[in-house]
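One structure is given here, and the rest of the page talks about it.
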Amino acid sequence: MTNTDRVVIRQPDDWHVHLRDGAMMQAVLPWTAAQFGRAIVMPNLVPPVTTVTLAEAYRDRILAALPEGSAFQPLMTCYLTDSTDPDEIERGFADRVWVAAKLYPAGATTNSHGGVTDLRRVAAVLERMERIGMPLLIHGEVTDPNVDIFDREAVFLDTVLTPLLAAHPGLKAVLEHVTTTEAVDFVRAHGPWLAATITPHHLMINRTSLFQGGLRPHLYCLPVAKREKHRLALRQAATSGEGCFFLGTDTAPHTASTKETACGCAGCFVGPTALQCYTQVFDEEGALDRLEAFASLNGPAFYGLPVNAGSVTLVRKAALTVDAVPVNGDRVVVFRGGEEMPWSIEA
Ligand code: NCD
Ligand code: ZN
């Protein structure tokens, strides 16, 4: 094999996952734990993870559900609400229960109805986070139903994020799952305090993919995929090696019955194929030498954590991916599942 048929990188981390709870967590957790050393675990459970006690209990359930011998480390987050207490935020951070807090504008996405309705209500929380160096993770879409869904991220940058960052110039923040050229430019202009995660699916599909040959519910997620020019900007950003862009799969499992329906849930389940997808994208962009920065180095640098000790080897060896994961008599369909993908992970 030539050099470009085999890539060895430090063990990567996933800086944005939905592990859910109960039977769904049992079903999906092993896939993320198999590929990543650590993961930032989203708090949008029902009910959401809003307190130190809830976060500790959730962390314990994740650790208990891990496959035997797994060294996977869940990094917990706090779900911000209108009534989040700054002291509670600081206590969880000081006690190393959580590493960040997540801002869901109320109604923006799955299980976000308990999120923040008005940023003024969390001003004291953001001030505290700024002071203690705790990152704010942001779902960056406005919720106004009159704003076209394809414009909601770009409008958020102008109307919400610009004033938020101006009011909190020392706040570390991550604009999660960016989908537009506007977001990429915005993040570059606001580094190094602002960073962004980029998902595998937003690097691989555009909005036309959602309608290719018919409606494709398993490609529907939020923020929804945008035009091709945006996908190309995301690919350029991810493969640039710039420290402000890093890996976050936003793997968001929903059962087939809740996606293949008249009003389907938002979320792509990409946990089992994440590294295969990213490696393929970096290969297509001629940037395999920058995969490690994106997947394994930039995230820890932003969060102030050490890089992982181990390594992972990706090989150019076509392999059939798992098509779906069973759960409760139903199934969760995998992004690029059941396909022969050009890259695989060496055992
Ligand atoms: C996520 C989920 O299902 O929890 N869905 C999604 O489409 N990405 C929530 C989110 O990250 O927006
Ligand atoms: Zn998410």
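In each ligand, atom 1 is the first atom listed, and ligand 1 is the first ligand listed. Note that the structure is a prediction, hence the values are computed from the model and not measured. Residue indices begin at 1 and follow the sequence shown.
- Residue-level check: among N/O/S atoms of Asp250, OD1 sits closest to the Zn ion (ligand 2).
- Shown in contact with His139 at under 4.0 Å from a heavy atom are these atoms of ligand 1, numbered in order with element: 12 (O).
- Checked by distance only, ligand 1 and Tyr220 stay at 3.5 Å or farther apart across all their nitrogen or oxygen atoms.
- A donor atom on one side chain and an acceptor atom on the other are not found under 3.5 Å apart for Asp250 and Thr199.
- For residue His177, no N/O/S atom approaches the Zn ion (ligand 2) to within less than 2.8 Å.
- Between Leu137 atom CG and Lys172 atom NZ the span is 11.0 Å, to the nearest 0.5 Å.
- Atoms of ligand 1 lying under 4.0 Å from any heavy atom of Cys221, numbered from 1 in the order shown and given with element: 7 (O).
- Shown in contact with Leu222 at under 4.0 Å from a heavy atom are these atoms of ligand 1, numbered in order with element: 6 (C), 7 (O), 8 (N), 12 (O).
- Atoms of ligand 1 found under 4.0 Å from any heavy atom of Ala252, numbered from 1 in the order shown, are 1 (C), 2 (C), 3 (O), 5 (N).
- Between the side chain of Asp5 and the backbone N or O of Arg316, no donor-acceptor pair lies under 3.5 Å.
- Look at Glu176 and the Zn ion (ligand 2): no N/O/S atom of the residue is under 2.8 Å from the metal.
- Closest heavy-atom contact between Pro342 and Gln280: CD-OE1, 3.4 Å.
- The closest heavy-atom contact to atom 11 (O) of ligand 1, among the options His18, Glu141, His201, Lys102, comes from His18.
- Atom 10 (C) of ligand 1 has Thr109 OG1, 3.4 Å as its closest protein atom, hydrogens excluded (heavy atom only).
- Coordination check, His18 versus the Zn ion (ligand 2): passed, since an N/O/S atom of the residue sits under 2.8 Å.
- Using a distance-only test at 3.5 Å, with no hydrogens or angles considered, a donor-acceptor pair links the side chain of Gln35 to the main chain of Leu275.
- In Asn44, the part holding a heavy atom less than 4.0 Å from any atom of ligand 1 is the side chain.
- Under a 4.0 angstrom heavy-atom cut-off, His16 registers as being in contact with ligand 1.
- Using a 4.0 Å cut-off between heavy atoms, Glu176 makes no contact with ligand 1 at all.
- With hydrogens left out, the protein atom closest to atom 8 (N) of ligand 1 is Asp250 OD2, 2.7 Å, a heavy atom.
- Taking 4.0 Å as the cut-off, His254 counts as a neighbour of ligand 1 on heavy-atom distance.
- At least one donor-acceptor pair under 3.5 Å links the side chain of Asn206 to the backbone N or O of Thr208.
- Protein heavy atom nearest atom 5 (N) of ligand 1, with residue, atom name and distance: Ala266 O, 3.1 Å.
- Taken to the nearest 0.5 Å, the OH atom of Tyr58 stands 8.0 Å off from the CZ atom of Arg20.
- One N or O on the side chain of Ser296 and one on the backbone of Arg10 form a donor-acceptor pair closer than 3.5 Å.
- Near Gly267, with a cut-off below 4.0 Å to any heavy atom, the atoms of ligand 1 are 5 (N), 6 (C), 7 (O).
- Remark: side-chain polar atoms of Lys259 are paired, donor with acceptor, to backbone N or O of Cys265 under 3.5 angstrom.
- The distance between the ring centers of Trp15 and Tyr303 falls below 6.0 angstrom.
- Within the 3.5 Å criterion, the main-chain N or O of Leu203 finds a donor-acceptor partner in the side chain of Arg235.
- Contact annotation: for Met42 versus ligand 1, there are no heavy atoms closer than 4.0 Å.
- Ring pair His139/Tyr104 is tilted by interplanar angle, where 30° to 60° counts as tilted.
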